[in-house]
Amino acid sequence: MTLIKQLQAPDEFVGFYLIKELEIKQTNTTPAKDFLDIVLCDASGQIPAKLWDASITDKETFFPMTLVKVQGLVQLYRERLQVKIAKIRKATPEDDVKLTDFIRSAPISPYDLIQTIHRVLDSIENPTIRNIVSFCVVKVGDKLEHSPAAKSHHHAYYAGLAYHIVRMLEIGEFICGQRPFLNPDLIKAGIILHDIAKPDEMVAQLGIVSDYSVQGKLLGHISMVSSWITEAAIYHGIDLQSDVVIGLQHIVLSHHNLPEWGSPVLPQLPEAVALHYIDSMDAKLQMVEDALLTTPESEPWTPMIRGLENKAVYRLKL
C-alpha cells in the first residue's frame, strides 16, 4: 500500500485510507453537479481528494471515519497535491485493515505523557494553585489521554494535547531556570491549564476532530477554562478576588496574545507573556516538524504552512 507521504504527482495508486473529512459540494458548471470534497489520511499524513460526479449511493455510503480502498491519480492543484479519485469503496472484513492502523498518534505513549503531567502537577508548591489545577485535570478526566490539541492546526492527532502540554512543560522548565523572576508554579499551572478544555470544545474520535461542541462553538476553550478556574475556587473555598484566581484566569485568557487570535485580554503578567511564547514556539515548531514528516524526502520544499503565514519550509541537505 502506498502511504500518503509517498504520493507524488502524477502517481497512479491504489491503497487503503481513512476518510478524515468529507463534504458534499457542487461544481460551478451548468447544470451544477455534486462531488465529494474529501480529506484522506493514514498514519503518515493527509491529502485532499475529489470524487467528481458523486452519485446518490456515493453520498449515502461515504462519511468521515470510514475506511476506504481508493484508486486514484495524484495531481498538482495550485501547487499543492490533490487526489482525483477514480474508484472508491468501503473496506470490508476480508481486507484485514483496522481503523487504528490509520491513526497518527503522539510519539510518546499516552500513559507516559499523563504520568509526566501529574508529576509536574504534584511539584507545584503553592497549595492553592495546585488545588485549582488538580480540579481542572480531574474535570477533563481520561479525555486528556487521547484528545488532539486542535482540528488541523498543530498536534492534531491522538494524544496530541497531552504531548503539546508535556513539550511546553519542558520548555517552561528551561525558561524558569534561565529567568528567575518567573514564578515556576504559575508557569506550570498556565501550561497545564491553557488548553485543558480542548477535549470539551471539540468532538473527536481517535484523535480526529469531526466538529466542535455546542460549548466550543458558543464559548471556546479559553473562556471555558476561565470558568473551570472559578468552579475550582468555589469548590475549594478560595476567594474569587484573590491574586491566585485572577492571575490564573488572566494567564489563560491572554495566552493567544491578541483579540483577533481569540484572547479577550493581552498578556500583562510576566508569566502570561512567557506562556504565550512557550505555546507559540511549541505549536509553530510542531507545524514545521509535521510538514517535514509528511513531505517526501525527495521534495525540498514543504507545502505552505498556514500557521507560519502560509510560508513553505526548505529542507537543507548538508
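Within 6.0 Å of the CG atom in L218, the count of heavy atoms belonging to other residues, nucleotides or ligands exceeds 12. Counted within 6.0 Å of CD on Q178, heavy atoms from surrounding residues, nucleotides or ligands total more than 12; the atom is thus considered enclosed. Residue D96 places its CG atom among 12 or fewer non-hydrogen atoms of other residues, nucleotides or ligands, all under 6.0 Å distant. Residue E21 places its CD atom among more than 12 non-hydrogen atoms of other residues, nucleotides or ligands, all under 6.0 Å distant.
Residues A233 and L240 share a closest heavy-atom pair of CB-CD2, 3.6 Å. Minimum heavy-atom separation, I4 to S44: N-OG, 3.4 Å.
For S147 (side chain) and L144 (main-chain N/O), no donor-acceptor pair under 3.5 Å exists by modelled atom type. Not a single donor-acceptor pair under 3.5 Å links the side chain of T295 to the backbone N or O of T302. A distance-only check finds a donor-acceptor pair linking the side chain of K5 to the backbone of L293 [under 3.5 Å]. Of the possible donor and acceptor atoms, none in the side chain of Q71 sits under 3.5 Å from a partner among the backbone N and O of V14. No side-chain donor-acceptor contact under 3.5 Å links K311 to the backbone of M304. Distance alone, capped at 3.5 Å, is enough to place a donor-acceptor pair between the R130 side chain and the I124 backbone. Between the side chain of H118 and the backbone N or O of Q115 there is no donor-acceptor pair closer than 3.5 Å. N126 places a side-chain N or O within 3.5 Å of a backbone atom of T128 that can act as its donor or acceptor partner. The backbone N or O of H276 sits nowhere less than 3.5 Å from a side-chain atom of S280 that would complete a donor-acceptor pair.
Counted by atom type alone, E271 and N183 present zero donor-acceptor pairs between their side chains at under 3.5 Å. Side-chain atoms of D290 and Q286 include a donor-acceptor pair closer than 3.5 Å. In summary, the side chains of S123 and K188 do present a donor paired with an acceptor at a separation below 3.5 Å, with no hydrogens or angles considered. In the model, Q46 has a side-chain atom that pairs as donor or acceptor with a side-chain atom of K20 under 3.5 Å. Remark: the S55 side chain and the D58 side chain contain an N/O donor-acceptor pair separated by less than 3.5 Å. With no hydrogens or angles considered, a side-chain donor-acceptor pair links D112 and S109 at under 3.5 Å. Using a 3.5 Å distance cut-off with no hydrogens or angles, the side chains of T92 and E94 do pair a donor with an acceptor.
Classified by interplanar angle (parallel below 30°, tilted 30° to 60°, perpendicular above 60°), the ring pair H194/H164 is perpendicular. Below 30°, between 30° and 60°, or above 60°: for H236 and F135 the angle between ring planes is above 60°, a perpendicular geometry.
Between Y17 and F102, the ring centre distance reaches or exceeds 6.0 Å.
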